[in-house]
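Computed from a predicted structure; not experimentally measured. Proteins get letters first, then strands, A, B, ... in listed order; numbering begins at 1 in each.
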Number of protein chains: 2
Amino acid sequence: MTVGLGRSQRAGIRQVADRAGVSVSSVSRVLTSHPDVSARMRKRVLEAVEQLGYEPDWLAQSMRRGATLTVGFVVGDISNPLFAQIALGAEVSLQREGYSMLLANSQNQPVLDARHIRLFQQRRVDGLLLSLASENHTETLEALAGLETPIVLIDRDLPPAVAASAVLSDHQSGMRAAAASLIELGHRRIGMITGSIDLRPSREREAALRAVCAEHPEVGAVVRPGSFTAAHGAAATAELLDGADPPTALVAGGNQILIGVLRELRARGLSVPSDISLVSCDEVPLSELYDPPIATIVRDPFRIGQRAAELLLGRLRGDQPHHAVLPSMFAPGRSCGPPR
Amino acid sequence: MTVGLGRSQRAGIRQVADRAGVSVSSVSRVLTSHPDVSARMRKRVLEAVEQLGYEPDWLAQSMRRGATLTVGFVVGDISNPLFAQIALGAEVSLQREGYSMLLANSQNQPVLDARHIRLFQQRRVDGLLLSLASENHTETLEALAGLETPIVLIDRDLPPAVAASAVLSDHQSGMRAAAASLIELGHRRIGMITGSIDLRPSREREAALRAVCAEHPEVGAVVRPGSFTAAHGAAATAELLDGADPPTALVAGGNQILIGVLRELRARGLSVPSDISLVSCDEVPLSELYDPPIATIVRDPFRIGQRAAELLLGRLRGDQPHHAVLPSMFAPGRSCGPPR
DNA sequence: TTGAAAGCGCTAACAA
DNA sequence: TTGTTAGCGCTTTCAA
């Protein structure tokens with residue numbers, strides 16, 4: 001142990017070399033496990049390292065090696081449990097391979113996406129994990145164009161000019177099953193509240209619903225895109241319910257949207273499923289325990305994060321960009337019943 | 001704009017100097033806003049910077065300046081919404097001052113706490129935000145002892161040997177109000193399920209409950225410490241309910257614990273509050289909308305994160321370590337009623 | 001006000 | 001197998 005050696009300022013490789021009576025390059029070689037090192041040399045150096053409590057300076061190492069073992073994660077809002085779990089999955093996987101994760105919240109503002117991408121770039125991250133606030137923001141696309149830093153997109157579609165890997169959720173299969181289930185129950189007017197149409201999940205969910213409806217001419221779908229917020233969830237619910245020919249079933253296209261929908265339904269004193277049926281996309285912690293349990297199109301966010309990290313690590317090892325598709329599944333719940 | 005200048009590799013200060021026809025030190029001076037720079041010099045340099053799209057190398061800058069403008073955040077599990085919101089509050093505040101945040105999940109393992117602290121130290125973070133998994137782990141305390149890096153503890157008590165700032169929640173006032181409310185309703189046996197007693201929140205919550213009970217000799221409290229997990233919440237609920245003289249009111253000492261409690265109650269077909277009353281510490285996204293709405297001792301996690309960042313930034317500007325106390329409040333809900 | 005040059009702590013090419 | 005040395009890109013004395 002080094003305790004008690006006093007506030008001997010942080011020792012450098014020079015001090016280690018002196019104490020071991022060898023050159024700095026020998027110390028470096030021992031520490032980087034260079035093959036051509038005698039056992040005796042290794043021993044002496046490691047002893048000196050131990051005695052001085054030497055730890056290599058990460059900045060100097062990074063500068064020399066040209067790699068920082070750091071990955072940047074840009075996310076709209078880490079306080080959304082969905083993204084928090086993705087972040088967890090990614091961080092744990094990256095950690096295991098020696099990478100650290102820088103986290104930046106864009107607060108769902110495309111401008112901040114771009115700013116953070118540039119910042120991370122300047123900080124020389126080895127790779128980027130991106131859950132962007134918009135797929136069309138010019139500034140973001142410019143910041144991304146020509147980046148040689150490997151990128152993994154999380155559930156986003158970007159022009160092929162951006163050579164990126166991606167982890168994509170197959171929203172459609174889950175949504176198809178949900179819609180089919182509602183139709184089976186007898187619903188003929190389905191309302192759907194989605195987030196920004198600039199974002200893949202909203203588009204995919206809408207497309208799946210429309211595809212199912214196209215197979216059932218007797219069924220009508222009304223879609224209200226907006227943003228992935230409780231506020232939009234509540235406002236759109238009110239709109240749909242107050243409109244002509246209100247839907248008998250509602251699909252909340254996001255976990256924040258779900259919260260808004262439930263608020264509005266409660267404010268109106270409407271019961272689920274007797275007054276209206278409800279399906280959510282993505283969970284919040286209590287949706288399983290809600291009364292009635294909420295039918296939900298689920299996916300495994302921890303796995304998404306893991307997979308994103310794997311794709312990034314792959315690229316860092318020289319793999320080509322790759323797209324991975326992860327499933328979604330409809331988990332039925334008592335929040336769905338026949339229309340009243 | 002620099003687009004079209006070709007893949008001219010990242011320009012360095014040397015290139016800028018050449019193009020401007022000045023020395024590198026002059027470029028540096030302009031860029032660090034050194035006072036003694038002529039207007040003409042400034043103009044020439046900035047033009048060259050613009051033309052080359054030069055961005056200073058963060059690694060080299062950090063190495064020279066001895067500061068990385070980076071803060072490390074060690075947290076048990078970012079997927080817990082409580083911590084995710086704290087992280088958000090901290091990150092946004094740090095970002096505003098030019099700092100980036102490294103995130104590491106200790107997965108509630110004290111060993112990983114220690115490892116991440118050392119890792120961050122080696123990465124030369126300028127400061128540390130710590131939500132530790134244990135307050136007594138020797139390895140962690142060793143890693144912390146004698147660190148000159150400023151530290152801000154989040155709701156943890158450490159020996160004064162660790163000179164750290166801290167953001168502490170006043171759990172007691174909220175818990176007192178909750179307990180008083182339960183007693184007022186007529187409860188005489190209150191069960192409390194807490195997390196690890198190695199952690200401040202558990203201790204404070206228990207202390208407050210016991211203090212209130214001490215003022216009401218007719219009221220008995222049973223406390224089941226364990227871990228901040230749904231599994232413990234469920235198991236402890238079962239134990240309490242199966243014990244002799246089961247409580248008529250339950251306090252879930254943490255949001256994950258709440259989930260376990262609700263699971264177990266549901267499994268037993270018990271209704272809240274008619275069969276048993278329930279109070280939670282800290283929210284989960286739907287607890288407000290749960291039926292019945294769950295009485296909760298709330299605090300503002302975003303604010304906690306902000307405050308932690310402020311304390312850290314203060315220390316980075318030379319302030320002394322400081323303890324900040326943030327309030328908790330009892331938000332009554334229909335999950336509490338008279339004992340059956 | 002500007003430039004030359006020394007280094008921050010490390011790695012790696014080259015020499016011995 | 002080991003040592004010497006030249007930088008990585010920047011900031012900062014020190015001189016001019």
Side-chain angles (χ1 to χ4, degrees), chain A residues 8-49 52-70 98 119 121-126 148, chain B residues 8-49 52-70 98 119 121-126 148:
Chain A
S8 54
Q9 295 311 334
R10 176 181 252 280
I13 199 172
R14 180 74 257 169
Q15 284 74 279
V16 176
D18 288 351
R19 187 177 244 279
V22 302
S23 74
V24 287
S25 47
S26 292
V27 177
S28 176
R29 271 190 289 259
V30 168
L31 264 22
T32 54
S33 349
H34 189 97
D36 298 341
V37 181
S38 69
R40 193 164 136 279
M41 172 68 84
R42 165 162 292 110
K43 183 155 172 294
R44 294 181 65 175
V45 168
L46 291 181
E47 271 172 20
V49 165
L52 296 171
Y54 167 74
E55 292 191 330
D57 184 317
W58 176 81
L59 285 172
Q61 283 188 318
S62 299
M63 184 151 130
R64 275 304 323 218
R65 308 218 245 237
T68 54
L69 290 179
T70 305
L119 172 74
Q121 176 67 3
Q122 194 167 338
R123 284 200 165 228
R124 309 224 115 170
V125 297
D126 295 340
E148 73 272 36
Chain B
S8 56
Q9 293 310 333
R10 174 182 254 282
I13 198 171
R14 180 74 257 167
Q15 285 74 277
V16 177
D18 288 350
R19 187 179 246 276
V22 302
S23 74
V24 287
S25 43
S26 292
V27 176
S28 177
R29 270 190 290 259
V30 168
L31 264 24
T32 55
S33 349
H34 187 97
D36 298 342
V37 181
S38 69
R40 194 166 136 279
M41 173 66 86
R42 164 162 294 112
K43 183 156 174 294
R44 294 181 63 175
V45 169
L46 291 181
E47 271 173 23
V49 164
L52 296 171
Y54 168 73
E55 293 189 331
D57 183 319
W58 176 82
L59 285 172
Q61 282 187 319
S62 299
M63 182 150 128
R64 277 302 323 219
R65 308 218 245 237
T68 54
L69 289 180
T70 305
L119 172 73
Q121 177 65 3
Q122 194 166 338
R123 284 200 167 226
R124 309 226 115 172
V125 296
D126 294 340
E148 73 273 37

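Between A:V24 and A:D36, the residue anchored closer to the 5' end of DNA chain D is A:D36, taking for each the nucleotide with the nearest heavy atom. Of the two residues contacting DNA chain C, namely B:A60 and B:V22, the nearest-nucleotide position lying further toward the 5' end is that of B:V22. Each of A:R42 and B:R14 was matched to the nucleotide of DNA chain D holding its nearest heavy atom; the match closer to the 5' end belongs to A:R42.
A donor-acceptor pair shorter than 3.5 Å cannot be found between the side chains of A:R44 and A:S26.
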Chi angles and distances behind the side-chain contact (heavy atoms from CB on, under 4.5 Å) call for A:T68, A:R123: CA-CA 9 Å; A:T68 54; A:R123 284 200 165 228; over 6 Å; no

From CA spacing to verdict: side-chain contact (heavy atoms from CB on, under 4.5 Å), B:M41, B:V22: CA-CA 8 Å; B:M41 173 66 86; B:V22 302; 3.6 Å; yes

Step-by-step side-chain contact (heavy atoms from CB on, under 4.5 Å) determination, B:R65 to B:T32: CA-CA 11 Å; B:R65 308 218 245 237; B:T32 55; 3.9 Å; yes

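Listed pair A:S28 / C:dA12 fails the phosphate criterion, with no side-chain N or O lying under 4.0 Å from OP1 or OP2. A:S23 has no side-chain polar atom (N or O) that falls below the 4.0 Å cut-off from OP1 or OP2 of D:dT2. In this structure, B:S38 reaches the C:dT2 phosphate: one of its side-chain N or O atoms is under 4.0 Å from OP1 or OP2. Phosphate proximity of C:dT11 to A:Q61: present, with a side-chain N or O under 4.0 Å from OP1 or OP2. In this model, the phosphate group of C:dG3 is approached by a side-chain N or O of B:S26 to a distance below 4.0 Å at OP1 or OP2.
Judged by distance alone, with hydrogens and angles left aside, A:R29 brings a side-chain donor or acceptor within reach of the base of D:dG3, the pair sitting under 3.5 Å. For a distance-only test at 3.5 Å, the side chain of B:S25 qualifies as a donor-acceptor partner of the base of C:dA4.
Comparing C:dT11, D:dT2, D:dT12 by their nearest atom to the side chain of A:M41 picks out D:dT2. With distances taken from any side-chain atom of B:R64 to the nucleotides C:dG3, C:dG9, D:dT11, the minimum falls on D:dT11. Nearest nucleotide to the A:M63 side chain, out of D:dC10, D:dG9, C:dC10: D:dG9. In the set C:dG9, C:dT2, D:dT11, the nucleotide with an atom closest to the side chain of B:I13 is D:dT11.
Within the 4.5 Å cutoff, the side chain of A:Q121 has heavy atoms near those of the A:E148 side chain.
In this structure, A:L59 atom CG and D:dC10 atom C1' are separated by 12 Å, rounded to whole Å. Spacing between atom CZ of B:R65 and atom C1' of D:dG9 amounts to 12 Å, rounded to whole angstrom units. Distance B:R44 CZ to C:dT1 P: 16 Å, rounded to the nearest Å.
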